Amino acid sequence: MKSNNFGMNTLCTHTGGVKDEQFKGAVSPIYTASSYAYENVDVKRYPRYFNTPNQEALAKKVAALEKCEAGLIFGSGMAAVSHSLLTFLKTGDHVVVQKTIYGGAFNFIVEEFPKLGIEFDFTDGFSEQDFVAKMKTNTKVIYVETPSNPLMLITDLEMISRIAKEKGIVSMIDNTFASPINQNPVDFGIDIMIHSATKYMGGHSDICAGAVAASQEHIDRIWNLAKNYGGSLSDYTVWLLERSMKTMVLRVKAQNRNAKKLAKWLDKHPLVDKVYYPGLKHHPDHEIAKRQMRGYTGMLSFELIDSLDPDAFMESLQLIKQSMSLAGVESTILSPVKTSHALLSPEERKRQGIADGLLRFSLGIEDKKDLISDLEQAFEAVAKKQLATI
Ligand SMILES: *Cc1c(COP(=O)(O)O)cnc(C)c1O
């Protein structure tokens, strides 16, 4: 059987494990050695060379899911982001970055690139003109993230890859929010796929890891830098991540379903002003999302009506927890104004369309009816309390 014909579920469960030759166990053994023989061996193994048996096996799983030749596993999502960018950028080069990206990636660029003499420009928007307008003769990389956080805006991947190819430069995507289950950017010609495996790949809020998938040639170049910086992942965590990824399709599909249903429910709710979910027909980028995504993710955001206090609302929730991160099997909620976007000025937040009453909702795998009951009782509790104080 040719493994490149396997579907996503089979790839998740079967690709890239370590075979237990000795005892024929059903799952990968963990190779914890930090010291391996060097005489008469094909590969000189060492954890920081990213080539222990468990690291290599998991990299194969990531590569297969992203339909790429090769992959690399990192100690965090930010290690995957920083190594990818620094591999293809040197002093004097320029990178065009999408207007809104993950806060950590934004900080990395604005804090570290000036020290290295790497130039950067953020686009003013998401259209072709917005990206082309920022291109310079020394531009070497174009960097996007779609869907973006927290408004779930979509960047047209076919358009990005066309711009990159015309200029002969490298295109990169932070594909964390979509996960390989909902979106394979390589299908549209994107070169480098980056993941915070802390999110959907891990999926249980108990792992911090990162991953990159690309052509063998690109991964070799990233590896050359990575072995010097040393951001590899412990084999114990590699093993745990491999285990988590076996159920990724099941989890992500359940999260997609919950998000779509809850987006529709919230959209009709009288105490909700706006819902941002690319699976809704009125989302401004629904048509692009439909073209390039198989599912619309388990992430959405919504704005409460002005008179409703977002903190009181979140505190009234019982099942849905307030939490910083996302993509776990449990549903979580946060206020971008208080967390991910707290450092932006109120004017900048307004420019980006992030209202004070905006809440980002990461759907888990719970039963839809229980999530709805929890939201409904919180709406009732807050509305009653506010009416009483008027
Ligand atoms: C969390 C996240 C990252 C960073 O990943 P870490 O594992 O926390 O380093 C990067 N991009 C996106 C979109 C994220 O959500």
Side-chain angles (χ1 to χ4, degrees), residues 58 62 66 71-86 95 97-112 122 126 141 143-155 157 172-183 185 190 192-213 222 226 229-234 237-238 240-241 244-245 248 251-252 255 259 276 278 293 296-301 323-328 332-336 339-343 352 354 360-364:
L58 184 58
V62 171
E66 280 291 21
L72 216 49
I73 307 300
F74 286 92
S76 70
M78 275 313 302
V81 169
S82 57
H83 283 78
S84 300
L85 283 166
L86 291 180
V95 52
V97 186
Q98 175 184 303
K99 176 184 174 182
T100 48
I101 55 167
Y102 176 72
F106 176 86
N107 290 341
F108 170 67
I109 290 169
V110 301
E111 290 173 18
E112 303 302 326
F122 289 93
F126 294 76
V141 171
Y143 183 95
V144 302
E145 180 181 319
T146 178
S148 71
N149 180 19
L151 298 182
M152 304 298 288
L153 299 172
I154 307 293
T155 311
L157 293 176
M172 282 179 202
I173 178 174
D174 183 333
N175 202 28
T176 300
F177 265 43
S179 90
I181 310 307
N182 287 324
Q183 175 170 281
I190 302 294
I192 316 278
M193 276 47 72
I194 302 169
H195 288 274
S196 167
T198 313
K199 314 295 164 52
Y200 284 108
M201 287 186 176
H204 295 72
S205 309
D206 56 6
I207 286 175
C208 181
V212 178
I222 298 171
Y229 278 101
S232 58
L233 184 67
S234 149
T237 314
V238 167
L240 197 56
L241 184 53
S244 298
M245 284 178 66
M248 183 162 56
R251 286 188 277 107
V252 169
Q255 287 165 306
Y276 301 91
M293 301 181 79
Y296 300 109
T297 85
M299 301 297 300
L300 65 87
S301 57
S323 166
M324 277 292 276
S325 200
L326 59 106
T332 60
I333 196 161
L334 65 70
S335 151
T339 56
S340 51
H341 296 70
L343 294 180
Q352 292 194 19
I354 298 164
R360 190 190 73 186
F361 193 8
S362 168
L363 274 296

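These values consider heavy atoms only, across backbone and side chains, with no hydrogens, waters or symmetry-generated copies. Being a predicted model, the structure only gives us computed values, none of them experimental. One-based numbering, in listed order, for ligands and for the atoms of each.
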For F126, which residues count as a ring-ring contact (aromatic ring centres under 6.0 Å, His included) partner, sequence neighbours excluded? none

State whether the side chain of T198 and the backbone N or O of A209 hold a donor-acceptor pair below 3.5 Å, judged by distance alone. yes

Separation between CE of M245 and CZ of R251, rounded to the nearest 0.5 Å: 8.5 Å

Which residues satisfy the side-chain hydrogen bond (donor to acceptor under 3.5 Å, both in side chains) test with T155, sequence neighbours excluded? Q98

Main-chain N/O of G328 paired to Q255 side chain as donor or acceptor, under 3.5 Å: yes

Does ligand 1 have any N/O pairs with the protein under 3.5 Å, and how far apart?
residue: ligand 1; atom: 5 (O); partner: S196; partner atom: OG; Å: 2.9
residue: ligand 1; atom: 7 (O); partner: G77; partner atom: N; Å: 2.9
residue: ligand 1; atom: 7 (O); partner: S196; partner atom: OG; Å: 2.9
residue: ligand 1; atom: 7 (O); partner: T198; partner atom: OG1; Å: 2.6
residue: ligand 1; atom: 9 (O); partner: G77; partner atom: N; Å: 3.1
residue: ligand 1; atom: 9 (O); partner: M78; partner atom: N; Å: 2.8
residue: ligand 1; atom: 11 (N); partner: D174; partner atom: OD2; Å: 2.6
residue: ligand 1; atom: 15 (O); partner: K199; partner atom: NZ; Å: 2.7

Let me check something: any side-chain donor-acceptor pairs from residues 78-85 under 3.5 Å, sequence neighbours excluded? List them with distances.
residue: S82; atom: OG; partner: M78; partner atom: O; Å: 2.9
residue: S82; atom: OG; partner: A79; partner atom: O; Å: 3.3
residue: H83; atom: ND1; partner: A79; partner atom: O; Å: 2.6
residue: S84; atom: OG; partner: A80; partner atom: O; Å: 2.7

